[in-house]
Participant: 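Handing you a structure now.
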2 protein chains.
Amino acid sequence: MRFDDRKKRILSAIVETYIRTGEPVGSKTLSEFPEISVSPATVRNEMAALFEMGLLEQPHTSAGRVPSHLGYRAYIDSLMRTKPLTEDEKDGIDALFNISDPDPDKLLADCAETLAEYTGCATVAMTTTPSYVTVEHIDIVPADATTVVLLVIASNGVVKSKVCRLGFRVNTGIADFFRKFAKDRFCGHTLKEISAEFVNAVSIQLGEYSGVFNPLIVGIYELCKEVYDGQYYLGGQEKLLTYNEYSDRALEIMKLISKREKLGPVIGNNPSGVTVFIGKENSLSQLSGSSLLVARFSIGENDCGTIGLIGPVRMDYSRLIPHLEYFAEKLGTLLSITYQRKTGDDNG
Amino acid sequence: MRFDDRKKRILSAIVETYIRTGEPVGSKTLSEFPEISVSPATVRNEMAALFEMGLLEQPHTSAGRVPSHLGYRAYIDSLMRTKPLTEDEKDGIDALFNISDPDPDKLLADCAETLAEYTGCATVAMTTTPSYVTVEHIDIVPADATTVVLLVIASNGVVKSKVCRLGFRVNTGIADFFRKFAKDRFCGHTLKEISAEFVNAVSIQLGEYSGVFNPLIVGIYELCKEVYDGQYYLGGQEKLLTYNEYSDRALEIMKLISKREKLGPVIGNNPSGVTVFIGKENSLSQLSGSSLLVARFSIGENDCGTIGLIGPVRMDYSRLIPHLEYFAEKLGTLLSITYQRKTGDDNG
DNA sequence: TGTTGGCACTCATAAGAGTTGAGTGCTAAG
DNA sequence: CTTAGCACTCAACTCTTATGAGTGCCAACA
């Protein structure tokens, strides 16, 4: 059986109409489409053929047809016309970003929230740190009699700080001693290496002082871990409630996606560009009724994270794919500006 | 009509049974309670009286009775026997806290999440900063050629730091100059004073350098604002979905409570101890079907925030009130340890 | 050979009728 | 004051019937 042009037009019309209305599409409706214009009976013959080919499904005998996962796949891979963003839309998105906090931690959280607002889907934003990234610099700054600020700078330019309260007074001697000790032990090591065991070993080297300095060592460990683990933000989880596809499963899905260890592996290892998982195509059984759109973003050449959309299989791919693409690109650009480390020139 | 002892027992039984089952309570059920043991007809007479007094409602003629808001109020204020936490329960909660991050920012977020898990309600945790709190100390630490860490210490002991990336190289001279400038201008002022206008005025004093140093000034402003605004964390919003009371309003409620400017004023000005808002008693019309339990927590003598539960009016007050009380107390204790500033003695 | 009108068939959905049962209010007797 | 008895109410359930959107298949037509 040939997948000829008319079959393609009919499949496209079914997918697009179903996405729009959520109702199974019947032969009469389709026959009235200008790009089809044949009688309902003919459409029925074609639909029977598309059903044979596994591209359509039928909820029950006397209902219209609905795209199968294979049907969506064929539509997305070769039939769909994506609608590129208009300049106005781009400007709208840019404006949303301009007001957001330039702090990279918050940037990602804001991006997840904004993307959710813009697309009506639940979103996820995640960063990953390459395993070759090392600790470049460690500092300890006394803030107050018994409080210090710990500072870790990684070789990829990420800087994290943490307030650390101690049970004793910190004078410059103590600070200098610990600063040197920490630099010697941590700098140059990859973040990946700095495990709980590594930290234990370091702590032991402090001998009788290990108990005293332990909060600081742990603080450094936590900062390193924070940098290495990267971030994981969700946005607009409540959007799932607006789709009746999720009527009673919404809670389960919300719990699932809130766990990085579950969703991370699925969305974290994809090629650049937008990857689409339709229904069962992803490996999480609970998400078999959902589609995932994921896009990687990068700082310059360095791939550094993923943003994704989670919604019902019946989502408007042709609109959402270009949007997600633009968000990922924009996010990369903004992060690049933040992490531009070698600007060099003095302005003041 | 006297609100005699038997009426009280009947009202208590109705409230408790309705909270447990969610179904209107009938005279036959009640007559079988050992503490009532009169015939259904007698119970009906009493119920008619309680209805007259406005303490009960009837969903429809042939249904049992349900407590009115006034009925809940009477129950909570004078009839309810709260169930104090067992030592085991306390230990369980303590254990949950012990594993949590001692960083006060995270402590509050964890507390909200844990409390939600423990109670099955949506939760909110919020800190407030008294208006007399001032900026005590400001520092700027060069981290990297073009990156510095800003540090603000407030007089209530809160320390916040922020990584700030600049478009120019920072040498010690620049850092020293700016440190002195910022200390002179900000230290001693209350956080409340440090508004956008205040910051503009400060910026102008930098004259031709104001453009260059602006990111730093803004950074300080943001840190001060962050300290002054305090925190606002939600936990277990998805718990609302498990109550059929919220079948389709859950989304609306979730959106509402996510806005501090909406919920903050309602829960922020209550006396110490646990305050209960039953249904319409709070000023937000969207929350008329919900009850709020709020408790203040404090560091030593200083009141510093609120934690609260949001759930259906039909919630188990006798269990939840002591739990919330204990969480608030625990939170205060843990924060006190973190913010214990004058420990003084050297341990090392 | 592809297209179309006609027709019998299917089946989800909605509407109506009847039944059930939990619960009430009222009354009169204990 | 308490209680048994009784008629009444009404949501919820079941059963039946009607409706209509949509199908598959066949025969006729271009």
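As the structure is a prediction and not an experimental result, all values here were calculated from the model. Atom set for the values below is all heavy atoms of this structure, side chains included, hydrogens, waters and symmetry mates excluded. A note on names: the letters A, B, ... follow the listed sequences, proteins ahead of strands, and every chain is numbered from 1.
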Participant: Please state how far atom CE in B:M47 lies from atom C1' in C:dG25, giving the value in whole angstrom units.
Facilitator: 12 Å
Participant: Rounded to whole Å, please give me the gap between CD1 in A:I10 and P in C:dT3.
Facilitator: 10 Å
Participant: Could you check which of C:dC7, C:dA22, C:dG25 has an atom nearest any side-chain atom of A:R44?
Facilitator: C:dC7
Participant: What is the distance, rounded to the nearest whole Å, between atom CD of B:E23 and atom C1' of C:dG21?
Facilitator: 14 Å
Participant: Quick one: does any side-chain atom of B:Y233 pair with a main-chain N or O of B:E113 as donor and acceptor, under 3.5 Å?
Facilitator: no
Participant: Verify the distance criterion only: is there a donor paired with an acceptor across the side chains of B:R296 and B:S272 at less than 3.5 Å?
Facilitator: no
Participant: I want to confirm an ordering. Mapping B:S39 and B:H60 to their closest nucleotides on DNA chain D, which one lands closer to the 5' end?
Facilitator: B:S39
Participant: Check this for me: B:D4, atom CG, are more than 12 non-hydrogen atoms of other residues, nucleotides or ligands nearer than 6.0 Å?
Facilitator: yes
Participant: Closest approach to the side chain of B:A41, judged atom by atom: which nucleotide of D:dA4, D:dT2, D:dG24 is it?
Facilitator: D:dA4
Participant: Classify B:A63 by what it touches in the nucleic acid, base, sugar-phosphate, or nothing, heavy-atom distance under 4.0 Å.
Facilitator: sugar-phosphate
Participant: Looking at D:dT23, D:dT2, C:dT24, which one has an atom nearest to any side-chain atom of B:S27?
Facilitator: C:dT24
Participant: Quick one: B:E52 CD to C:dC26 C1', roughly how many Å, whole number?
Facilitator: 15 Å
Participant: What's the NZ-P distance between A:K28 and D:dG24, to the nearest Å?
Facilitator: 17 Å
Participant: Calculate the interatomic distance between B:I14 atom CD1 and C:dG23 atom C1'; express it in whole Å.
Facilitator: 13 Å
Participant: May I ask you to evaluate whether B:R65 reaches the phosphate of C:dT24, defined as a side-chain N or O under 4.0 Å from OP1 or OP2?
Facilitator: yes
Participant: From the set D:dC10, D:dG22, D:dT3, return the single nucleotide nearest to any side-chain atom of B:T61.
Facilitator: D:dC10
Participant: When the nearest nucleotide of DNA chain D is assigned to B:S62 and to B:V38 on a heavy-atom basis, which residue is associated with the more 5' position?
Facilitator: B:V38
Participant: Nearest to the A:T42 side chain among D:dG5, C:dT3, D:dG24, which nucleotide is it?
Facilitator: C:dT3
Participant: If we count only N and O atoms by modelled type, under 3.5 Å, do the side chains of B:Y75 and B:E16 hold a donor and an acceptor together?
Facilitator: yes
Participant: Figure out the NZ/C1' separation between B:K7 and D:dT2, and round it to whole Å.
Facilitator: 13 Å
Participant: Could you tell me whether the side chains of A:S288 and A:S285 share a donor-acceptor contact shorter than 3.5 Å?
Facilitator: no
Participant: Could you tell me how far apart A:L30 (CG) and D:dA21 (P) are, to the nearest whole angstrom?
Facilitator: 16 Å
